[in-house]
Asker: 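Okay, handing you the structure first.
Here the structure is a predicted model, which means the values were calculated and not measured.
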Amino acid sequence: MRKNLMITPEGTKDYLFEECITSGQIQEKIKKCFTDRGYSQVDTPCIEFYDLFSMEVSGYPQENMYKSTDNKGRLLVMRPDSTLPIARMASTRLKHYEMPLRLFYGQSVYRNNPTLLGKSNEIMQMGIELIGTTGKKADLEILTTAIDCLSSTVDDFRIEIGHAGFFNALTEKMDVDKDTVEAIRGSIESKNYSTLNNILDKINPCPEVIAIRKLPRLFGGEEVIEKALKLCNGTKAENSLQYLKELYNELSKLNLGDKITLDLGIVQKTNYYSGIVFTAYLSGIGDAVISGGRYDKLMSNFDFPTGAAGFAVNIDHLVEISLRDKRKNETPVPQILVCAEDGFEIKAIEETKRLVSKGKSAVFSTFENNKDAKDYAEKVGIKEIIIIGE
C-alpha cells in the first residue's frame, strides 16, 4: 500500500505561486547585495561524502544527516551546511586563485531534525564566504553585508554579535573533557538553561563556571563588555572582549540604534568558529534568519590554513515574513486572455508573445470554444479578452 503517495516527507513542503514569486524576488535582492560587493557565485553538490561532515568541528551529529551510499558502498550525505563544501572547494579548485576569495551561494541544505519540533528539514539559504583574509576590516565587511541583506528585504530586524573566543577561553580553563564542553555549548545554543545548570553543578567551582552561568544574561549594549571583563581572568578572554567592543563602536556609526546588540551567549553548535559570531532575528520568527562568524581554524582541516568568515541567510524565513499579510496560495491573475478561432492558433500565440513583450500580462487560451474561455475569465478575474480570427 502506497500510504505516503499524497504527502511530502516530514520537514518539507510544496511551494505555491506567490511563495515562489516572493522567494525569487528576495533572492534577486540579496544576490545584488552580494554582487555589488564583488562576490562571485558558486554551487556545490547536493550530495557530499560523509567524511566531509564527520569532522569533529562540523557540529552535525550523524543522526541529523540524511545518508545514502554510492555504487561503491561509500557513505554519502545530503549537505546539511554550505560552509564546509565551500571550504573544500576553496582548498582544491580555488587554491591557486588570488586571495581573498569572495564567494556567494544560493542553495538548499538538508537536516534530519527530530520529529515534532516543527523545524524545516529542507532550508533555502543564500550566503557568502570571505576566504583568505583576517582582521577588523574583513569582519566589518561581513557584518555590514549581513546588515545590508536584511535592510534590502525587511524593516524590522535585530542583529546580535558575540565572540567565540570568549567562550573558548573560559572552557579552556575548566577541568572538563571535550564532551562536557560540547554539552555546555549545546545547552547554551538551545537556550536550555536548566540542563546548563545541571552540567555546571557537577564541575568544580571556579570563576569560569560562574562566568558561563551568566553568559545567557550578558546581552545588551557596550555595558555588557564591562560586566564580562569583571568575570574573566586571562588575556585570551579579555582580548576577545576588547575586540568585540571595538567592532561594536564601529558599527554604531551606522545609526541603527537597538537593531545592533552584543550577546556573549551566542555559542554556535558548529564549533569551528574562532572569532566573531553573530545571529539576526525578525519580529515574529523564533529561529535566526542569519547565522555566521569567523572560522579561521576550519581551513586547516583542508591543508589550507588561512582566514575565513561568512554567514548564511534563511530565505524561507524572509519569505514567510513577506507573505504574512498576503494570500500566498492565490494564483496570479493575468490581465489579458488571448483566444483563437480555428486555424488562427499560431497567430494568437504570436499575439500573446507580442503583448508580453510590451509589458502586458497575457496568456493564451487553451479552451475549445470562446464561451468556456469567457466563463473562465469571469471566474478568475481576467479583465480583457482578445479573440484572434477572421
Asker: For Glu122 and Tyr66, test the side chains for any donor-to-acceptor distance below 3.5 angstrom and give the result as yes or no.
Answerer: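 Their side chains do not contain a donor-acceptor pair, so the 3.5 Å distance test is not met.
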Asker: Does Arg354 offer a backbone N or O that forms a donor-acceptor pair with the side chain of Ser357 under 3.5 Å?
Answerer: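 Checked: pair present.
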Asker: If you take all heavy atoms of Met174 and Val209, which pair is closest and at what distance?
Answerer: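 The answer is CE-CG2, 3.9 Å.
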Asker: Consider only side-chain N and O atoms of Thr83 and Glu129, and report whether a donor and an acceptor are under 3.5 Å apart.
Answerer: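 Distance-only check passes for Thr83 and Glu129.
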Asker: What heavy-atom pair brings Thr144 and Leu140 nearest, and what distance separates the two atoms?
Answerer: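 Shortest heavy-atom contact: OG1-O, 2.7 Å.
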Asker: Among side-chain atoms of Thr145 and Arg37, is any donor-acceptor pair under 3.5 angstrom?
Answerer: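 Side-chain D/A pair, Thr145 to Arg37: present.
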Asker: Main chain of Glu19, side chain of Thr22: is a donor-acceptor contact present, judged purely on distance under 3.5 Å?
Answerer: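 Absent.
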Asker: Examine the side chains of Asn121 and Asn113 and answer whether a donor and an acceptor come within less than 3.5 Å of each other.
Answerer: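 Present: a donor and an acceptor within the cut-off.
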Asker: Regarding Arg111 and Tyr60, is there a side-chain donor-to-acceptor distance under 3.5 Å anywhere?
Answerer: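 There is such a pair (donor and acceptor under 3.5 Å, judged by atom type) between the side chains of Arg111 and Tyr60.
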Asker: Are the side chains of Ile47 and Val77 in touch, meaning some heavy atoms are under 4.5 Å apart?
Answerer: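 A side-chain contact is absent here, since even the closest heavy-atom pair is not under 4.5 Å.
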Asker: Do Lys259 and Ile159 make a side-chain contact, defined as non-hydrogen atoms from C-beta onward lying under 4.5 Å apart?
Answerer: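 Of all side-chain heavy-atom pairs linking Ile159 with Lys259, none is under 4.5 Å.
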Asker: Is it possible for you to check whether Lys245 lies under 6.0 Å from the centre of the six-membered ring of Tyr243, through NZ or CZ, and within 45° of that ring's axis?
Answerer: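 Ring-cation test returns no.
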Asker: Gln107 and Thr44: side-chain donor and acceptor closer than 3.5 Å?
Answerer: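 A donor-acceptor contact under 3.5 Å links the two side chains.
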Asker: Is it true that the side chains of Asn301 and Tyr272 contain a donor and an acceptor less than 3.5 Å apart?
Answerer: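 Tyr272 and Asn301 do not have a side-chain donor-acceptor pair below 3.5 Å.
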